[in-house]
2 protein chains.
Amino acid sequence: MRLYVERGYEQTTVAEIAAEAGLTARTFFRHFADKREVLFAGSERLLTHMVEALDAAPATGGPMRTVAAALDAAAELLGRDRSWSRQRQSLIDTNAELRERELIKMARIAAALAEELRRRGVPAADASLAAEAGIAVFRVAWERWLTGADELDLATVMKATLSRLAAVTAAE
Amino acid sequence: MRLYVERGYEQTTVAEIAAEAGLTARTFFRHFADKREVLFAGSERLLTHMVEALDAAPATGGPMRTVAAALDAAAELLGRDRSWSRQRQSLIDTNAELRERELIKMARIAAALAEELRRRGVPAADASLAAEAGIAVFRVAWERWLTGADELDLATVMKATLSRLAAVTAAE
DNA sequence: TGGGTGATGTCATCAAGTGACATCACTGGA
DNA sequence: TCCAGTGATGTCACTTGATGACATCACCCA
C-alpha cells in the first residue's frame, strides 16, 4: 500500500513490490492471486466475522434485525482506524480495477449473508433483499463515516443509516 | 459473445475475436477499452434510459417511488429477450472478471441515480440509500426473472420485489 | 543422518494493453 | 478533377501481469 500511495497503483509494478519485500514477482503471485488482491487481504476475515455475528444474533425480529447484527460486527472490525481507512479508500477510489475488486468483495459478503439467512429459514428472495439492503447501508454509512468531519463512531453511523433506509423504503 | 460461449471467456483471445470480425487486435482495442467491455456495450444506454425515466417521474411521493420509475424503464429495456439474457448472464457468472465488470456498471448506475435524486432535492444520504436500494431490487428481481420457470414479466417481478423490500426493511 | 516438505528462485511463455507510425479510403472544397 | 485533411485500420515494438515447469535450499522429523 505504501508503494501504491507513493507512485500510484498503475505505476507500481509487481516486481517493485516484491523487491521491496526482498522477494521475486513469482513469489508475490504465490501469496496473492493478483496485483489487486494485496489490498483486500482482510476481506475474508470481515466476511467470517459478519457471518458469525449474523449466526449469533437472536432469532427475534425480521431478517433486517439479523443483518443489523452483522453490520455491528463490521463496524467493530473496521471502525478503529479512520485515517488509515481514508487513505486506503482514496487509493481504491482512484483506480477502476481496485473499485471492481472492492465491489466483488462486498458482493461476496452479501451472498454469504443471504445464504446464512436462508439457512435460518428466511425465504430466498427476502434473504437476498435483506443482505443487499444491508450492504447498501454499509456502503453509505462507510462513506459518510470516512468523509464526515465529526468524530462519530462507525457503528452509530450504521445504525442511523439503517433507520434512514427504513424511512426511505417505507411504502407510502 | 458467440466465441465466449463456445470456448469460454478466458480461452478466447482478443486476436481471435478480432480475426472473426476480419480485424486486428489493435483495432478491437480502439473500439473497446478491454476484453470485458465488449459484453457491456449496452450499459451506457441502460444508464441514460433509467436516469431519463427518473427525471420524468412526477415529484410526488418519496425518493423510492422515483427510483421505481427508473426500475420500470430498466425492465422495459431489458425484459424482452429472456433466453438471450440467460445466456449472457450465465457467461458472466462463470467468470470473476466479468462479474466485477458487471458490478461496477451497476454501481455506476446507482451513483447516477443518486446524483439525479440529489439534484431533485433529496438529501444526500437518502439519495444514495434509495439508489442503492433500487439497485438491490433490480439485482434480486433480475435473478428471479432469469431463473424463474414461469413466464412472468420483468416489470412485474420488479414491482413485487420492491414491495418485498419495503416489507423486509420496515422498522419493527 | 537422510529423506520429505514448504517456500522461494529461475526461466520460458502467453496474453492483455498501449504508443508510434504508416496506410488507405473517403470527403469537401479549390 | 485533384488535392489536402480526416478517420479507421494495420504493423511493429514494448511493457506488464500472470502461469507452468523445474531447481534449490532451509528446516523438521523419524
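Reckoned from all heavy atoms, side chains included, excluding hydrogens, waters and symmetry mates. Not measured: the values here are computed from a predicted model. By convention in this document, chain letters (A, B, ...) are assigned in the order of the sequence lines, proteins followed by strands, and residues within each chain are numbered from 1.
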To the nearest angstrom, the CZ-C1' distance between A:Arg30 and D:dG20 comes to 10 Å
Pick base, sugar-phosphate or nothing for A:Ala33, based on heavy-atom distances below 4.0 Å to the nucleic acid.
-> sugar-phosphate
- request: State whether B:Thr27 places a side-chain N or O below 4.0 Å from either non-bridging phosphate oxygen (OP1 or OP2) of D:dG10.
  value: yes
B:Arg118 side chain to B:Ser128 side chain, donor-acceptor N/O pair below 3.5 angstrom:
yes
Does the side chain of A:Arg26 get closer than 4.0 angstrom to OP1 or OP2 of C:dA12 through an N or O atom? no
Regarding the side chain of B:Asp34, the nearest nucleotide among C:dG17, D:dA18, C:dA16 is C:dG17
Of the listed C:dA15, C:dG9, D:dA18, the closest approach to the A:Thr24 side chain comes from C:dG9
How far apart are the C-alpha atoms of A:Glu102 and A:Gln89, what are their side-chain angles, what is the distance that settles it, and do they pass the side chain to side chain donor-acceptor pair (under 3.5 Å) test? CA-CA 10 Å; A:Glu102 182 183 45; A:Gln89 195 63 43; 3.1 Å; yes
Atom CD of A:Glu37 and atom C1' of D:dG17 are separated, to the nearest Å, by 15 Å
Among D:dT19, D:dT9, D:dT16, the one nearest any side-chain atom of A:Phe29 is D:dT19
Ordered by number, residues from residues 92-101 of chain A within less than 4.0 Å of DNA chain D (heavy atoms) are none
Taken to the nearest whole Å, CZ/A:Arg7 to C1'/D:dT15 is 16 Å
note: A:Phe32, atom CZ; D:dT16, atom P; distance rounded to Å ~ 21 Å
Report, as yes or no, whether the 6.0 Å neighbourhood of atom CZ on B:Arg120 holds more than 12 heavy atoms from other residues, nucleotides or ligands. yes
Heavy-atom nearest pair, B:Leu146 first then B:Ser85, reads CD2-CB, 3.7 Å
Please verify the inter-ring angle class for B:Trp142 with B:Phe138; under 30° counts as parallel, over 60° as perpendicular, anything in between as tilted. parallel
Between CD of B:Glu16 and P of C:dC14 the distance, given in whole Å, is 14 Å
Rounded to whole Å, CZ of A:Phe28 lies from P of C:dG9 at a distance of 13 Å
Besides A:Leu23, the hydrophobic cluster formed by Ile, Leu, Val, Met, Phe, Trp and Tyr side chains linked at under 4.5 Å, directly or via other members, contains none
> So, is B:His31 close to the D:dT9 phosphate, meaning a side-chain N or O under 4.0 Å from OP1 or OP2?
Replying inline: yes
*asked:* Does A:Arg139 have more than 12 heavy atoms from other residues, nucleotides or ligands lying within 6.0 Å of its CZ?
replied: yes
Between NZ of B:Lys35 and P of D:dA18 the distance, given in whole Å, is 13 Å
Between CG of B:Leu23 and P of C:dC24 the distance, given in whole Å, is 17 Å
